[in-house]
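These numbers were taken from a predicted model, which means no experiment stands behind them. Computed from heavy atoms alone, side chains included, the values below leave out hydrogens, waters and symmetry copies. Letters go in sequence order (proteins before strands), and every chain restarts at 1.
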2 protein chains.
Amino acid sequence: MKARKIKNRKYHTIQDFIRKRIQGGTYPVGSYLPSENEICGQFSTTRTTVRKALDELLKEGFIEKEQGKGSKVVERRKSLGLLTVKGFSGSIDYEVKTIVTKGPKITQWDPIIPFALTEEEKKSDCVYFQRVRHINDRPVVLENNWYANDALQVIDSGEFIEGSFFKTLSQAYFIEVMGAEQELRSIPASQEVAKNLGIQEGIPILHISVRFRTSKPGLNLYGDLYCNTTDYPIRNSYFL
Amino acid sequence: MKARKIKNRKYHTIQDFIRKRIQGGTYPVGSYLPSENEICGQFSTTRTTVRKALDELLKEGFIEKEQGKGSKVVERRKSLGLLTVKGFSGSIDYEVKTIVTKGPKITQWDPIIPFALTEEEKKSDCVYFQRVRHINDRPVVLENNWYANDALQVIDSGEFIEGSFFKTLSQAYFIEVMGAEQELRSIPASQEVAKNLGIQEGIPILHISVRFRTSKPGLNLYGDLYCNTTDYPIRNSYFL
DNA sequence: AAGTGGTCTAGACCACGCG
DNA sequence: GCGTGGTCTAGACCACTTT
């Protein structure tokens, strides 16, 4: 009920404007944005302000800067979620495929989620789907996902852009992942996990519980992942 | 032999100056830096430049900004290494203790390290030590560490500040962790791991191989961690 | 009211990439 | 040589916190 009055910040206007153009495809991945001076002209402002806007887009992972050349639109790696299966990006020795095995369908929240749901989420039904990720035609990750149906409609799996749920959110709904929290555990494979990943029951499996926070207020995505790390360890990098 | 000529950037000078004062204890954790205007005066410059320097220190995790109050020195969370045992920070329900069980001593590189060593590292001996981390008096993490002896002398475990190797590097040697790469696997506990963590052989264990990059050229720290995640899962958060 | 950080203007010169 | 992003100056006003 309480309305938040938010002061207009010029660099936010510019930042949002450019982000939408990137998401909408006006500035496709690999292309260069207009130069800082051109943007100054478009928004009748100075380079300090434009550079602040670009700095934010840089932090958000939408662009990279190249001195003497320009600001290049890049594939957002960060939104993949910090953890990637070894070789998922960069190498061409891996063929990756994602198969939706259940849903998306409306159901009840699963108590396996180790994060505290918000009041709004508790009151809402949730959308659930399950996927299995394959590398070189072998199943490696079993992934369960949930989100509150109040915050976002059911998105049919046939609608997934390039099989990616996050890409769909970004390009079709302009929703971006802003951050994540994770819990990692090493557990023996349950019968269901073993069956889906084609391994023996009891083999050590990396279990990841994750909550993704998005740019859409109230919308969190919950994940419950089972990774067979025998041949494909999970990787991440971190730079200050 | 080749000397790199690096252009003086005023904000780097300011940034380095303040970082050293933080590391040296002139600005202890919890205190506030001089105001931006004061720093302007000290360095005969303008707020734009000072703010750029503070922005960098913010990214490095040394300070936080509080509007209307000032720039506060904070404990660097980032350098702990992205992954923390649940409850390690923030909660007081956990009593954490680290026991050095081997070394530090000079030895040969262990082939278990899954990262490609540099030529300089290969040619050097390495310093090795092993620690066991306890939570509430129960062993939870077995940790092996290595670094090239060429790049850094042997640091005696008695010299560790508050039992922390990273804190020692920062406060006694002014070396900071700049980033890290990790590989995570779920494996059955070996006999040695089981013995050190007081668990049964074969129980699923989270194995983490990590390379920390530091601010000292040529110095990488390698880690090989075995975590019993049964009671204390590994956590991390990520924000864009 | 005073002091702090946050935003913004209107310039300037430098370092880099490329034709 | 020209256009790009990177650094820097010298101001101004605003929003927030504290006294």
Rounded distance (Å) that lies between atom C1' of C:dC8 and atom CD1 of A:I14:
11 Å
Report the distance from atom NZ of B:K72 to atom P of C:dG5, rounded to the nearest whole Å.
14 Å
Tell me the interatomic distance from A:Q15, atom CD, to C:dC8, atom P, rounded to whole angstroms.
11 Å
Write down the distance between NZ (B:K10) and C1' (C:dC14), rounded to a whole number of angstrom.
15 Å
At less than 4.0 Å, is any side-chain N or O atom of A:K69 found next to OP1 or OP2 of D:dG5? Yes or no.
no
Calculate the interatomic distance between A:L57 atom CG and D:dG5 atom C1'; express it in whole Å.
15 Å
Residue whose nearest DNA chain C nucleotide is more 5′ - A:T48 or B:E36
B:E36
Taking only side-chain nitrogens and oxygens of A:T46, does any of them come within less than 4.0 Å of OP1 or OP2 of C:dA10?
no
Counting only side-chain N and O atoms of A:T49, is one of them less than 4.0 Å from OP1 or OP2 of C:dT9?
yes
Where B:L219 and B:T214 come nearest, the two heavy atoms and their spacing
O-OG1, 2.8 Å
Take atom CZ of A:R51 and atom P of C:dT9, then tell me their distance rounded to the nearest Å.
15 Å
Within this structure, what is the OH-to-P distance between B:Y11 and D:dG6, rounded to whole angstrom?
9 Å
Any side-chain heavy-atom pair from A:Y232 and A:R133 closer than 4.5 angstrom?
no
Between C:dG11 atom C1' and A:R47 atom CZ, what is the distance in whole Å?
11 Å
Report the residue from B:F160, B:W146, B:F212 that forms a ring pair (Phe, Tyr, Trp, His ring centres under 6.0 Å) with B:F165.
B:F160
Which sits closer to the 5' end of DNA chain C, A:Q67 or A:K52, going by the nucleotide each is nearest to?
A:K52
Ion pair B:E64/B:K69, N-O distance below 4.0 Å
no
